[in-house]
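Here is how names work: the chains are called A, B, and so on, in the same order as the sequence lines, proteins then strands, and each is numbered from 1.
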2 protein chains.
Amino acid sequence: MKERVIQKDLTWCQQCLFIKQSALFLNEKQISTLEKNIYQLQFRPGETIFKQGDTTTHIALLNKGIVKFNFDDGHNRNLILSIVSAPKILGGANMFYRKRNLFSISAIDYCDICLIDQAILRDLLLENAKYTLMLFEKAMEMFDTAILNYISLANKNVKGRVADILIYLSDNVYKSQSFRVHLTRKEIAEFAGCSKENVMHTLAQWTRENIIHCEGKRLEILDMERLLKISRIG
Amino acid sequence: MKERVIQKDLTWCQQCLFIKQSALFLNEKQISTLEKNIYQLQFRPGETIFKQGDTTTHIALLNKGIVKFNFDDGHNRNLILSIVSAPKILGGANMFYRKRNLFSISAIDYCDICLIDQAILRDLLLENAKYTLMLFEKAMEMFDTAILNYISLANKNVKGRVADILIYLSDNVYKSQSFRVHLTRKEIAEFAGCSKENVMHTLAQWTRENIIHCEGKRLEILDMERLLKISRIG
DNA sequence: CTAAAAAGATGAAATATTCCACCCTTTTGT
DNA sequence: ACAAAAGGGTGGAATATTTCATCTTTTTAG
C-alpha cells in the first residue's frame with residue numbers, strides 16, 4: 001500500500017459538498033464540531049479506502065475521483081458491485097450502526113476523500129432529525145442504482161449487460177460519450193458478471209460493427225441508438 | 001383483484017411488532033396518533049400490495065404472511081428480487097421521500113398488513129431522531145440480503161443459485177428444512193434468473209441424487225451439507 | 001361439472017458462455 | 001535496463017443454458 005498524503009488545512013472541506021449541505025441543517029457550533037473532526041486523505045488508483053470484513057469507524061465523503069465497490073468471495077472470484085464518481089457519500093450503510101463491511105471500496109482514479117468519525121456524526125444526527133432524513137435520502141439514492149444493476153444482471157444476456165455498463169459509465173461516471181476507461185477488461189468482466197474473454201469478443205465485435213471505437217483504455221460510443229437497442233433486447 | 005377485507009378493530013395493531021418497537025421511542029400522544037392513522041388489511045396469495053410505477057402514500061407493516069418483490073421489465077420478462085416473511089417493514093425505501101415504486105410487492109401467502117400514512121410517520125420522525133435511526137437500521141437490514149442475493153446471482157452458476165434459494169427459503173422464510181413452497185417453478189426461475197426448465201432439471205437431478213425430496217409444492221432438504229457445497233463451488 | 005388455462009415434467013437441438021492455449025504489448029519492481 | 005507480471009487480444013473446444021416440442025397433472029373460471 002502506497003503512502004497516503006494527509007492534508008492539514010481545511011481548504012477542501014470548505015468547498016466540500018457535504019459540509020455545504022450540512023450547513024443548511026446544522027448550527028455554527030455543530031458545523032464547527034464537524035470541521036474539527038474531519039480528516040482529509042488522497043488515494044491513488046488501486047488503494048483500498050474501506051476493506052471488506054473490517055469494522056469501519058468513519059464515513060467517507062468522495063469529493064473527487066472514481067471508486068469501485070467490490071466483493072471478494074475468498075477464492076479467486078471477485079465481483080464489482082458498482083462504480084461511482086464524486087461527489088458521493090461512501091459507507092452510508094454503515095452510517096448509523098457499526099458492523100463489518102460487506103464489500104471493499106477502492107480508488108480506481110486519484111481520489112480526494114474526507115473522513116468523518118461515525119460517533120461524532122451520530123451525535124449530530126441525534127440532535128437533528130431533519131438532517132438525518134436528508135442524509136438518509138442521499139444514502140438511499142445508491143439503492144436505486146443497485147437495483148437497476150441487479151435487474152440488468154438478472155435478466156439480460158452478456159451483450160445486454162456490457163451495453164448497460166458502457167451506457168452507465170458514459171451517463172453517470174464520465175458524463176461523455178468518449179472517455180478513458182479506468183477499468184481493466186478483467187474488471188469490466190467482474191462488473192458484468194461474465195468472463196474477460198466474453199467482454200473482449202463483445203467489444204471487438206462492436207468495434208467491427210462501428211457501434212463503438214475501442215482501443216486500449218480509450219473508448220468512444222459511436223452509435224448510442226444501437227447500444228440502447230442491444231441493452232433493450234439483451 | 002379480489003376484495004380486501006378491512007378490519008375495523010385494532011386487535012392486531014396492539015400486538016403489532018412495529019407499534020411495540022415504536023412504543024420504546026414515542027410518547028403516549030405520539031403512539032395514539034400512530035394508532036389512529038393505521039389501516040389494517042388482509043391480502044390473499046396473488047394480490048398486489050404495492051404496484052411498480054405507483055406513487056405510494058403509505059408504509060406497510062407485514063405482520064403475517066409471505067410476500068415477493070418483483071420487477072416487470074414491461075415485456076414478458078419478470079424478475080423476483082426478494083422473498084420475505086413477517087415480521088418486516090415494507091416500503092422502507094419510500095419511508096422518507098415520496099417517489100414511484102421501482103418494483104411491485106405482492107402476497108404469495110395470506111398476509112396481515114398494517115398501513116401507515118407516510119406523512120403522519122414523517123411528522124413523528126421529525127420529532128424524534130432516535131426513532132428515525134431505529135427505523136433506518138430496520139430498513140437497512142434488507143440491504144444486506146439484497147447484496148448477498150446479487151453476489152449469488154453474479155458469480156455463481158445456475159445450480160449454485162438454485163441451491164442458494166433453497167437454503168435461503170429454508171433458513172429465512174420457512175425456518176424448516178421441510179416446507180410447502182409458495183413459489184411456482186416459474187417463480188423460482190425468476191428468482192434464480194434462469195429458465196424454468198433449468199430449475200426443473202436441477203430439482204429433478206437433486207431428487208435422483210437424494211439431496212432433496214421434491215414432489216409438487218412439497219420440498220424437503222435431505223442433505224444440507226451437499227447443498228451448501230453446491231452453493232460454495234457454484 | 002367441465003373446458004380452458006396454468007403448472008409440472010422431460011429430452012433433444014440450438015445457442016450462449018466459459019475455459020484453455022497462445023501471442024503480443026504495457027507496466028512494474030529491482 | 002531487464003525480467004517478471006499484468007493486461008490486451010484472438011480462436012476453437014468444452015460446457016452451461018435456453019429454447020422448443022410434447023405430455024401429464026393441477027388449478028381456475030364460468
Side-chain angles (χ1 to χ4, degrees), chain A residues 1-3 44-47 68 75-80 106 108 152-163 165 180-209 212-219 230 233-234, chain B residues 1-3 44-47 68 75-80 108-109 152-163 165 180-209 212-219 230 233-234:
Chain A
M1 167 97 82
K2 283 153 194 166
E3 199 168 314
R44 294 160 193 268
E47 288 187 306
K68 67 172 177 180
H75 237 75
N76 26 19
R77 266 183 306 213
N78 203 1
L79 176 66
I80 295 185
S106 21
I108 58 171
S152 167
L153 192 67
N155 74 10
K156 290 182 185 181
N157 60 24
V158 170
K159 294 207 195 313
R161 268 138 53 194
V162 176
I165 288 177
R180 197 184 149 276
V181 204
H182 289 85
L183 299 168
T184 65
R185 300 295 191 263
K186 186 163 160 284
E187 284 175 319
I188 296 176
E190 287 168 353
F191 198 9
C194 70
S195 69
K196 153 193 128 192
E197 289 88 341
N198 206 335
V199 167
M200 296 215 266
H201 290 154
T202 301
L203 295 180
Q205 187 194 328
W206 289 348
T207 297
R208 283 195 299 276
E209 293 174 357
I212 59 173
H213 180 74
C214 174
E215 212 182 324
K217 294 282 186 205
R218 200 76 228 162
L219 201 147
I230 290 166
I233 65 174
Chain B
M1 167 97 81
K2 283 153 194 165
E3 199 168 313
R44 292 160 194 268
E47 288 187 307
K68 66 172 176 180
H75 238 76
N76 26 19
R77 266 184 305 212
N78 202 0
L79 175 65
I80 295 185
I108 59 172
D109 192 6
S152 167
L153 192 67
N155 74 7
K156 290 183 185 181
N157 60 23
V158 170
K159 295 207 194 312
R161 268 137 54 194
V162 175
I165 288 176
R180 198 184 149 276
V181 204
H182 289 86
L183 300 168
T184 65
R185 299 294 190 264
K186 185 163 160 285
E187 285 174 318
I188 296 176
E190 288 168 353
F191 199 8
C194 69
S195 70
K196 146 190 131 194
E197 288 87 342
N198 205 335
V199 168
M200 295 214 266
H201 290 154
T202 301
L203 295 180
Q205 187 194 328
W206 289 348
T207 297
R208 282 195 300 277
E209 293 174 356
I212 59 174
H213 181 73
C214 174
E215 212 182 324
K217 295 283 186 204
R218 199 76 229 163
L219 201 148
I230 291 166
I233 64 174

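The CZ atom of A:R185 sits 4 Å away from the P atom of D:dG9 (whole-angstrom rounding). Taking atom NE2 of A:H182 as the reference point, atom P of C:dT27 lies 14 Å away to the nearest angstrom. In this structure, B:K186 atom NZ and C:dA9 atom C1' are separated by 16 Å, rounded to whole Å. Spacing between atom CG of B:L219 and atom P of C:dA7 amounts to 18 Å, rounded to whole angstrom units. In this structure, NZ of A:K217 is placed 10 Å from C1' of D:dA6, rounded to the nearest angstrom. Here the P atom of nucleotide D:dT27 and the CD atom of B:E187 are 15 Å apart, to the nearest Å.
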What nitrogen or oxygen pairs link the protein and nucleotides 3-6 of chain C at under 3.5 Å?
none

Heteroatom pairs (N/O) under 3.5 angstrom, protein to nucleotides 15-17 of chain C:
unit_1, atom_1, unit_2, atom_2, d
C:dT17, OP1, A:V158, N, 3.2

Study note, to complete from the structure: Readout for nucleotides 20-25 of chain C: B = base within 4.0 Å of protein heavy atom, S = sugar-phosphate only, - = neither; 5' to 3' it is B-----
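End-to-end axis angle of the helix from C:dC1-D:dG30 to C:dT30-D:dA1, using five pairs per end and rounding to 10°, comes to 70°.
Judged by distance alone, with hydrogens and angles left aside, the side-chain atoms of A:R161 form no donor-acceptor pair with the main-chain N or O of A:S152 at under 3.5 Å. No donor-acceptor pair closer than 3.5 Å links the side chain of A:Q205 to the backbone N or O of A:T202. Of the possible donor and acceptor atoms, one in the side chain of A:E187 sits under 3.5 Å from a partner among the backbone N and O of A:T184.
Atoms CZ and CZ, on A:R180 and A:R218 in that order, are 8.5 Å from each other to the nearest 0.5 Å. Note that CE of B:M200 and OG1 of B:T207 are 12.5 Å apart. Values are rounded to the nearest 0.5 Å.
Counting heavy atoms from C-beta on, the side chains of B:L219 and B:H213 never come closer than 4.5 Å. The shortest side-chain heavy-atom distance between B:P45 and B:I108 does not fall under the 4.5 Å cut-off. Put simply, the side chain of A:F191 does not reach to within 4.5 Å of the side chain of A:V162, judged on heavy atoms. Side-chain contact between B:R185 and B:E197 is absent, with no heavy atoms from C-beta onward closer than 4.5 Å.
Nearest heavy-atom pair across B:A154 and A:L153 is CB-CD2, 3.3 Å. Contact between A:V199 and A:C194 at its shortest, heavy atoms only, is CG2-SG, 3.6 Å.
Taking a 4.0 Å limit (strictly below) on heavy-atom distances, residues 200-209 of chain B does not reach DNA chain D anywhere.
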Check your understanding: How far apart are the C-alpha atoms of B:I80 and B:L183, what are their side-chain angles, what is the distance that settles it, and do they pass the side chain to side chain contact (heavy atoms under 4.5 Å, CB included) test?
Key -> CA-CA 10 Å; B:I80 295 185; B:L183 300 168; 4.3 Å; yes
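The side-chain hydrogen bond (donor to acceptor under 3.5 Å, both in side chains) check on B:H182 picks up B:D109, B:Y174, with sequence neighbours excluded.
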